[in-house]
K.L.:
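This is the structure I have questions about; it appears just below.
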Amino acid sequence: MSACLMAGALALAVNGGFTLGWTHSVERVEWRETWRVEGGRLHLTEARIRGSGAGMEPGEGAVWRDGWWVWEPHVSLPALTLAASGATGGGWQLCTDAGCRELGREAGPGTTLRPCPRRNGP
C-alpha cells in the first residue's frame, strides 16, 4: 500500500512503512523500529534492540532472535517528534523503500514525522 510520510518539510513515499534506527546515547546499543503509515496515523509494528540497559529494556513479550530482542509494541500515534541534541554521536536513520537518510545528527529543533495531509478530490 502506497503512503506518504512528512519528515519536517520533506514528503517521502513509504509504500506503507518505514524503519527508524539509532544508537542509544548512554549504552551505545542499536535500536530499530518498524512503522506503518495507515489511516492518518503512524503505527509501531515492531521494535528490536541489541541489548538492554539504562532506560531501554525490551518490551513485553520480547523474544531473542538473531542477536536482537524483538517485540510488537502495538503503538499508534498521529505524529512522532525526533529530538536532535547533537550530543549522541549520531542521528536517527530513517529508511524507506527509496533508501535511508540521517535526521537530527546536529543539534537543533527536532524533526516531526507524520502522515502527509490527505488531499481532497480525485
Side-chain angles (χ1 to χ4, degrees):
M1 170 182 21
S2 182
C4 180
L5 175 71
M6 297 296 299
L10 181 66
L12 303 167
V14 295
N15 292 318
F18 63 96
T19 61
L20 276 178
W22 68 93
T23 300
H24 190 275
S25 61
V26 174
E27 299 291 338
R28 301 291 185 214
V29 173
E30 189 177 1
W31 190 300
R32 285 191 201 152
E33 295 177 341
T34 302
W35 292 81
R36 188 177 76 248
V37 179
E38 186 175 279
R41 295 183 68 83
L42 305 175
H43 303 275
L44 178 56
T45 60
E46 181 183 88
R48 56 181 54 226
I49 189 167
R50 288 220 183 254
S52 62
M56 47 184 258
E57 292 73 24
E60 185 177 330
V63 296
W64 184 255
R65 186 181 321 139
D66 299 324
W68 295 85
W69 283 107
V70 181
W71 69 100
E72 296 177 6
H74 301 292
V75 171
S76 178
L77 304 169
L80 176 66
T81 299
L82 308 176
S85 70
T88 59
W92 304 85
Q93 191 75 357
L94 172 68
C95 298
T96 68
D97 292 341
C100 298
R101 65 182 65 233
E102 188 173 30
L103 303 172
R105 181 173 186 78
E106 305 296 326
T111 300
T112 299
L113 305 179
R114 65 175 37 93
C116 294
R118 295 178 190 230
R119 291 192 229 182
N120 295 328

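Since the model is a prediction, treat every value here as computed from it, not as a measurement. If you read the sequence from its start, that first residue is 1, and numbering goes on from there.
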K.L.:
Would you say E46's side chain and T34's backbone share a donor-acceptor pair under 3.5 angstrom?
P.N.:
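Not at all, since once roles are kept as given, no pair shorter than 3.5 Å links the two residues.
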
K.L.:
Is there a side-chain contact between L10 and T111 (heavy atoms, below 4.5 Å)?
P.N.:
no

K.L.:
Parallel, tilted or perpendicular: which one describes the rings of W64 and W69, with boundaries at 30° and 60°?
P.N.:
perpendicular

K.L.:
Looking at CG of L103 and OG1 of T112, how far apart are the two atoms once the value is rounded to the nearest 0.5 Å?
P.N.:
11.0 Å

K.L.:
L82, W22: one ILVMFWY side-chain cluster at the under-4.5 Å cut-off?
P.N.:
yes

K.L.:
Rounded to the nearest 0.5 Å, how far apart are CZ of R32 and CZ of R50?
P.N.:
6.0 Å

K.L.:
Between R41 (side chain) and S76 (backbone), is there a donor-acceptor pair under 3.5 Å?
P.N.:
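Here the side-chain-to-backbone pair exists.
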
K.L.:
If I take atom CD from residue E102 and atom SG from residue C95, how far apart are they, to the nearest 0.5 angstrom?
P.N.:
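Result: 10.5 Å between the selected atoms.
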
K.L.:
To the nearest 0.5 Å, tell me how far R101 CZ sits from Q93 CD.
P.N.:
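Taking CZ in R101 and CD in Q93, the distance rounds to 10.0 Å.
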
K.L.:
Report the distance from atom CZ of R114 to atom CE of M6, rounding to the nearest 0.5 Å.
P.N.:
8.5 Å

K.L.:
Check whether V75 and L5 end up in the same hydrophobic cluster, where Ile, Leu, Val, Met, Phe, Trp and Tyr are linked by side-chain heavy atoms less than 4.5 Å apart.
P.N.:
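Yes, V75 and L5 fall within the same hydrophobic cluster.
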
K.L.:
Could you pull out the closest heavy-atom pair between V14 and C4, with the gap in Å?
P.N.:
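Closest approach of V14 to C4: CG2-N, 4.1 Å.
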
K.L.:
Do you know which two heavy atoms are closest between H43 and E38, and how far apart they sit?
P.N.:
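Shortest heavy-atom contact: NE2-O, 3.1 Å.
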
K.L.:
Can you classify the ring geometry of W71 versus W31 as parallel (below 30°), tilted (30 to 60°) or perpendicular (above 60°)?
P.N.:
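Geometry flag for W31 against W71: perpendicular rings.
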
K.L.:
Decide yes or no for L94 and W35: does some side-chain heavy atom of the first lie under 4.5 Å from some side-chain heavy atom of the second?
P.N.:
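L94 vs W35: side chains apart.
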
K.L.:
For the atom pair CG (N15) and CG (D97), what is the distance rounded to the nearest 0.5 Å?
P.N.:
4.5 Å

K.L.:
Less than 4.5 Å apart, any side-chain heavy atom of L113 and any of F18?
P.N.:
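In short, these two side chains touch, coming nearer than 4.5 Å.
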
K.L.:
When you look at L80 and L44, which way does the side chain to side chain contact (heavy atoms under 4.5 Å, CB included) test go after all the steps?
P.N.:
CA-CA 11 Å; L80 176 66; L44 178 56; over 6 Å; no

K.L.:
If I compare all heavy atoms of A11 with all of C116, which pair ends up nearest, and what's the gap?
P.N.:
CB-SG, 4.2 Å

